[in-house]
Amino acid sequence: MDAAKEAGQPKPDEARTQGKPEASGTPEAGHRPAPNTPQFSRDEDLHAYHEMLLIRRFEEKAGQLYGMGLIGGFCHLYIGQEAVVVGMQMASEEGDQVITGYRDHGHMLACGMDPKGVMAELTGRRGGYSRGKGGSMHMFSREKQFFGGHGIVGAQVSLGTGLGFADAYRKNGKVSLTYMGDGAANQGQVYESFNMAALWKLPVVYVIENNRYAMGTSVVRASAQTDFSKRGLSFGIPGEQVDGMDVRTVREAATRAIQHARSGEGPYILEMQTYRYRGHSMSDPAKYRSKDEVSKMREEYDPIETVRKRLLELHGVPEAEIKATDAKVRETVNDAAEFATHDPEPDPSELRTDILLEARA
């Protein structure tokens, strides 16, 4: 925890209640911004605003298409959590890998994947990243170093650790950014991965996106230790809690964690205290929490609106410029939806492709 202490971050015990449910076990979503919040330049805030807004509008459109029956299967939206992946990507370098669970569309977009390809995969079209055969949970891009969203809870953690092992073996200076949710943090394979990563000092940053409810159960009802930054202590893995609703604190903590991993010091855990506005998936009515709780988070801590206010009040960005960004993002998302609803479906012959890898001579 020394790095966190030197950077002015709160110790885990001090930060336990930041962005966490009350200790009494009630589902109230208390949230307090981190102290000593770093500042962004005008260009950094403009970049963060664009990237987070793209994810928000894309997910809203995906929700609409799902409601129209154009997206089948499961669909887990990232609305509310945008600051986490955008801040992480702002701190990463080209070639660093990203792997996550099934709430993955935001991660793809933050990695620079084409919104048209992502949306086309959601609708099962040829132009999708998995040629229309993977859907919401199974998209990959070797070009953008995105190694998939994974539908089995916690499965991506062992795979992300493997990516870190490959980086260490090749001595390429890259880092594996391995995301999981608070629910996955209780999986046994996660701790097997922690053990190996610590033993071999693998360059992995484990990002626990604590949105407080996993599939629908509050963390205080499902986890004996609700400070997820401490989950690696028995393996000697440092960790810290981060205000995941503020892209600035995310970028700062990510910079520290990634440098730790890249320098050969081994893995690092970041618990991002965040919040999702929608249910676990599109089929979840989210009756396990009150409307007032969700409204409070939207009104007081929304990561996009917070940046918008800074752009107007701190950086003096004209409102016309912000509206132009909004219009550009909407156009991008609408173009993606148009492509995804008119692109042809995969040819039936695709059922027999991507099953076996031909052995090289």
Side-chain angles (χ1 to χ4, degrees), residues 43 45-86 89-90 98 100 102-141 143-144 146 149 247 276-279 281-283 298 302-309 311-312 317-346:
D43 288 345
D45 265 331
L46 282 170
H47 172 77
Y49 181 75
H50 177 274
E51 294 299 291
M52 291 192 293
L53 190 64
L54 175 61
I55 295 171
R56 177 73 58 88
R57 297 292 179 252
F58 182 95
E59 293 290 65
E60 290 171 347
K61 180 63 72 173
Q64 292 174 11
L65 296 182
Y66 186 94
M68 295 166 63
L70 295 170
I71 295 176
F74 293 98
C75 185
H76 306 81
L77 303 182
Y78 200 62
I79 296 174
Q81 300 182 210
E82 298 90 352
V84 176
V85 73
V86 170
Q89 286 303 112
M90 290 179 75
V98 172
T100 187
Y102 39 73
R103 198 178 307 280
D104 53 2
H105 315 148
H107 301 73
M108 300 170 196
L109 297 174
C111 286
M113 292 169 66
D114 186 352
K116 290 183 178 179
V118 177
M119 194 70 85
E121 188 60 39
L122 293 179
T123 57
R125 307 304 173 107
R126 291 182 187 181
Y129 270 96
S130 294
R131 297 205 287 274
K133 299 187 294 182
S136 180
M137 298 188 197
H138 303 102
M139 280 182 257
F140 304 82
S141 174
E143 177 191 3
K144 300 298 183 181
F146 180 76
V247 68
R276 55 173 166 80
Y277 299 156
R278 300 288 185 92
S281 69
M282 287 296 296
S283 60
R298 271 187 175 273
D302 185 78
I304 300 174
E305 184 59 26
T306 299
V307 176
R308 183 179 181 278
K309 288 180 179 178
L311 289 171
L312 289 169
V317 176
E319 188 162 352
E321 183 176 342
I322 295 177
K323 288 183 177 180
T325 297
D326 296 354
K328 181 180 178 181
V329 166
R330 287 188 183 277
E331 181 181 2
T332 298
V333 171
N334 288 335
D335 287 347
E338 182 73 11
F339 175 76
T341 52
H342 290 86
D343 192 45
E345 294 183 352

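These numbers come from a predicted model, not from an experiment.
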Candidate pair Asp45 and Val317, rule side chain to side chain contact (heavy atoms under 4.5 Å, CB included), full reasoning: CA-CA 10 Å; Asp45 265 331; Val317 176; over 6 Å; no
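- Leu109 places none of its side-chain heavy atoms less than 4.5 Å from the side chain of Glu51.
- Between Val98 and Cys111, the shortest heavy-atom distance links the atoms CG2-SG, 3.7 Å.
- Counting heavy atoms from C-beta outward, Leu122 and Phe58 have side chains that approach closer than 4.5 Å.
- Between Phe74 and Ser136, the shortest heavy-atom contact is O-CB, 3.3 Å.
- Residues Ile322 and Tyr49 meet the side-chain proximity criterion, which asks for heavy atoms closer than 4.5 Å.
- In this structure, CD1 in Ile55 is found 8.5 Å from NE2 in His107, a value given to the nearest 0.5 Å.
- The CD1 atom of Ile304 sits 13.5 Å away from the NZ atom of Lys309 when rounded to the nearest 0.5 Å.
- Rounded to the nearest 0.5 angstrom, Lys61 NZ and Thr332 OG1 are separated by 12.5 Å.
- Arg308 is listed as a side-chain neighbour of Glu319, based on a closest heavy-atom distance under 4.5 Å.
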Go through it in stages, so that I can follow the logic: the residues are Glu121 and His138, the test is side chain to side chain contact (heavy atoms under 4.5 Å, CB included), and I'd like the CA-CA distance, side-chain angles, deciding distance and then a yes or no. CA-CA 9 Å; Glu121 188 60 39; His138 303 102; over 6 Å; no
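- At most 12 non-hydrogen atoms from other residues, nucleotides or ligands lie less than 6.0 angstrom from CZ of Arg330.
- Listed for the Glu82 side chain is a donor-acceptor partner under 3.5 Å among the backbone atoms of Gly80.
- Nearest heavy atoms, Val247 versus Ala48: CG1-CB, 4.0 Å.
- Counting all heavy atoms, side chain and backbone alike, Pro346 lies closest to Gly124 at CD-O, 3.2 Å.
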Decide yes or no on side chain to side chain contact (heavy atoms under 4.5 Å, CB included) for Asp335 and Lys116, but give the supporting numbers first. CA-CA 7 Å; Asp335 287 347; Lys116 290 183 178 179; 4.2 Å; yes
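- Ion pair Asp302/Arg56 flagged as a salt bridge, since at least one NZ, NE, NH1 or NH2 atom sits closer than 4.0 Å to an Asp/Glu carboxylate oxygen.
- Remark: Glu60 engages Arg57 in a salt bridge, criterion side-chain N to carboxylate O under 4.0 Å.
- Side-chain atoms of Phe146 and Thr100, non-hydrogen and from C-beta on, do get closer than 4.5 Å to each other.
- No close placement of the His105 and Tyr78 rings is indicated, their centers lying 6.0 Å or farther apart.
- For the pair Met119 and Ala62, the tightest heavy-atom approach, listed with the atom from each and the gap, is CE-N, 4.2 Å.
- Distance check, rounded to the nearest 0.5 Å: NE2 of His47 to CE of Met90 gives 5.0 Å.
- For the pair Arg125/Glu345, a side-chain contact is recorded, criterion being any heavy-atom separation below 4.5 Å from C-beta on.
- Here the side chains of Val329 and His50 are in contact, with some heavy-atom distance below 4.5 Å.
- Contact detail for Ala337 and Thr341: the closest heavy-atom pair is O-OG1, 2.8 Å.
- Taking CZ of Arg103 as the reference point, atom CD of Gln81 lies at 5.5 Å (rounded to 0.5 Å).
- Contact of the Arg298 side chain with the Ile79 side chain is registered, since non-hydrogen atoms from C-beta on lie closer than 4.5 Å.
- Note: Arg276 CZ to Leu77 CG = 10.5 Å, rounded to the nearest 0.5 Å.
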